[in-house]
Amino acid sequence: MELELQPLNLAGVEDKRPLVIAGPCSAETEEQVMDTARQLAESGIKIFRAGVWKPRTKPGGFEGNGLAALPWMKRVKEETGMLTATEVATPKHIEAALEAGIDILWIGARTSANPFAVQELADALKGVDVPVLVKNPVNPDLELWIGALERLNGAGIKRLGAIHRGFSSYDKKIYRNLPMWQIPIELRRRVPNLPIICDPSHIGGRRDLIASLCQQAMDLGMDGLIVESHCNPDCAWSDAKQQVTPDILEYILSLLVIREEIQTTENISALRKQIDLIDDQLIELLAKRMRISREIGQYKKEHGMTIVQTSRYGEILDKRSAQGSLCGIDQVCVRQIFEAIHEESVRQQIEIINK
Ligand code: PEP
Ligand code: MN
């Protein structure tokens with residue numbers, strides 16, 4: 001389904017990269033909301049975010065102030081002139097948020113992973129003209145993300161945007177949520193006019209990662225940033241480790257280098273030719289590797305051996321990821337490449353064995 005989109009068209013917000021949305025993870029108290037909002041407005045932020053209803057992994061945590069926080073958001077609007085944004089997860093949330101004059105709604109990662117929930121939200125939005133931002137589902141499933149956008153679009157929501165907040169993984173490394181940049185890049189290719197906003201706070205999970213993630217998002221051509229900012233981050237009731245003060249946010253934004261999106265210089269096209277050449281060689285080499293792998297498959301078949309020899313596989317992954325890191329390529333990336341190559345090798349050997 002082709003999405004029928006309109007620009008977000010946000011009143012009072014300049015149409016330039018990056019579109020910045022900032023504010024605390026949660027609206028905790030009226031003072032915290034107003035204090036943070038005033039500071040953000042002073043540093044030029046035009047859109048204020050705060051979670052009014054908070055999805056929590058386990059019961060017992062702070063689940064948001066709900067309806068009580070909506071008048072605070074209204075006050076932010078009236079006293080600072082900023083637009084306001086919050087997460088909605090049920091039709092009731094939508095109704096209350098719209099009634100309180102919230103300008104932008106977003107659908108959280110846990111909700112966008114559930115087609116039933118998204119459809120209920122879409123139905124509740126029929127006939128309403130409000131910008132809706134859809135966070136990627138917690139699992140790395142581009143179709144599910146696009147599906148959520150399609151459901152909203154089907155209900156007549158044309159001012160749509162996507163928020164890239166990274167993907168859950170059991171095995172946590174540097175990031176709280178793996179960025180898997182190839183997924184938002186593929187989203188851009190599939191739905192070219194859809195604004196994509198990066199959420200470095202939930203990707204990083206740590207405040208020291210925010211600046212570099214913001215820059216990376218800009219370098220990848222993303223349209224905006226949604227950053228968690230709190231007047232007193234260490235005391236935040238949710239996501240304390242990843243929030244930054246409005247001052248720090250201003251500093252991070254001032255350091256950003258916004259590069260031209262479309263490069264047309266001859267210089268670039270010469271370099272691209274080199275890349276194409278290397279890609280040709282990569283494919284040829286991979287094909288050669290697969291041919292040898294099939295010969296090994298034949299040998300294993302004749303000698304009654306199993307296809308996967310775990311120790312050999314582990315050795316390849318360790319050796320090549322270490323080698324990659326010596327050459328300046330991220331170890332995790334090299335591992336993933338070799339995992340994919342190995343998977344295809346195994347598939348080809350299975351074919352041989354079953355012949
Ligand atoms: C949030 O923005 O505070 C939030 C809960 O995010 P996510 O849905 O991406 O986890
Ligand atoms: Mn949060």
Side-chain angles (χ1 to χ4, degrees), residues 19-28 32-33 36-37 40 45 47-59 61-66 69 73 84-90 93-94 97 102 104-114 117-118 121 131-142 144-145 148-149 152 161-169 172 175-180 183-184 187 196-207 209-210 213-214 217 222 224-246 249:
L19 170 80
V20 181
I21 303 173
C25 179
S26 310
E28 299 164 3
Q32 169 252 9
V33 166
T36 308
L40 288 169
I45 303 293
I47 309 169
F48 181 76
R49 65 147 282 159
V52 166
W53 298 278
K54 299 303 300 176
R56 303 314 298 270
T57 302
K58 288 190 178 151
F62 172 58
E63 296 191 328
N65 282 301
M73 298 295 272
T84 53
T86 202
E87 171 173 350
V88 289
T90 68
H93 294 167
I94 293 183
I102 298 279
I104 300 166
L105 307 177
W106 86 74
I107 297 180
R110 292 156 194 78
T111 309
S112 64
N114 179 348
V118 175
L121 299 182
V132 181
L133 307 176
V134 182
K135 286 199 162 195
N136 65 256
V138 281
N139 50 322
D141 185 341
L142 176 61
L144 194 56
W145 196 2
L149 291 156
L152 293 160
I163 299 178
H164 167 230
R165 50 78 79 196
F167 303 88
S168 281
S169 81
K172 301 239 158 17
Y175 301 110
R176 174 175 174 190
N177 291 299
L178 297 178
M180 305 179 88
I183 295 181
L187 175 63
I196 305 181
I197 296 167
C198 179
D199 176 344
S201 310
H202 291 89
I203 293 176
R206 272 173 30 198
R207 58 182 75 115
L209 294 173
I210 308 282
L213 284 165
C214 286
M222 298 211 177
L225 299 167
I226 177 165
V227 188
E228 285 189 342
S229 179
H230 189 292
C231 55
N232 187 0
D234 286 329
C235 298
W237 299 1
S238 58
D239 290 349
K241 286 204 200 90
Q242 71 195 31
Q243 305 205 53
V244 293
T245 60
L249 177 62

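Because the structure is a prediction, the values reported are computed rather than measured. For ligands, and for the atoms within them, numbers begin at 1 and follow the listed sequence.
For the pair Pro200/Gln242, no side-chain contact is recorded, criterion being any heavy-atom separation below 4.5 Å from C-beta on. With a 4.5 Å cut-off on side-chain heavy atoms, Lys135 and Glu87 do not count as touching. Side-chain contact between Ile21 and Leu133 is present, with at least one heavy-atom pair separated by less than 4.5 Å. By the 4.5 Å heavy-atom criterion applied to side chains, Arg56 and Phe62 are counted as neighbours. Using a 4.5 Å cut-off on side-chain heavy atoms (C-beta onward), Ser201 and Ile210 make contact.
Nearest heavy atom pair, residue Ile102 against residue Thr84, reads CA-OG1, 3.5 Å.
Partners of Pro140 according to the side-chain contact (heavy atoms from CB on, under 4.5 Å) rule, which considers only residues two or more places apart in sequence or in another chain, are Phe167, Met180, Ile183. Take His202 and apply the ring-ring contact (aromatic ring centres under 6.0 Å, His included) test, not counting sequence neighbours, and it matches no residue.
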Checklist entry - Should Lys54 and Asp239 be marked as a salt bridge (Lys or Arg N to Asp or Glu O under 4.0 Å) after you check the CA-CA gap, both sets of side-chain angles, and the distance that decides it? => result CA-CA 11 Å; Lys54 299 303 300 176; Asp239 290 349; 5.6 Å; no

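Protein residues having at least one heavy atom under 4.0 Å from any atom of ligand 1 are Cys25, Arg49, Lys54, Glu87, Trp106, Gly108, Ala109, Arg110, Lys135, Arg165, His202, Glu228, listed by chain and number.
Annotation: protein N, O or S atoms under 2.8 Å of the Mn ion (ligand 2) (waters excluded) comprise Cys25 SG, His202 NE2, Glu228 OE2, Asp239 OD2.
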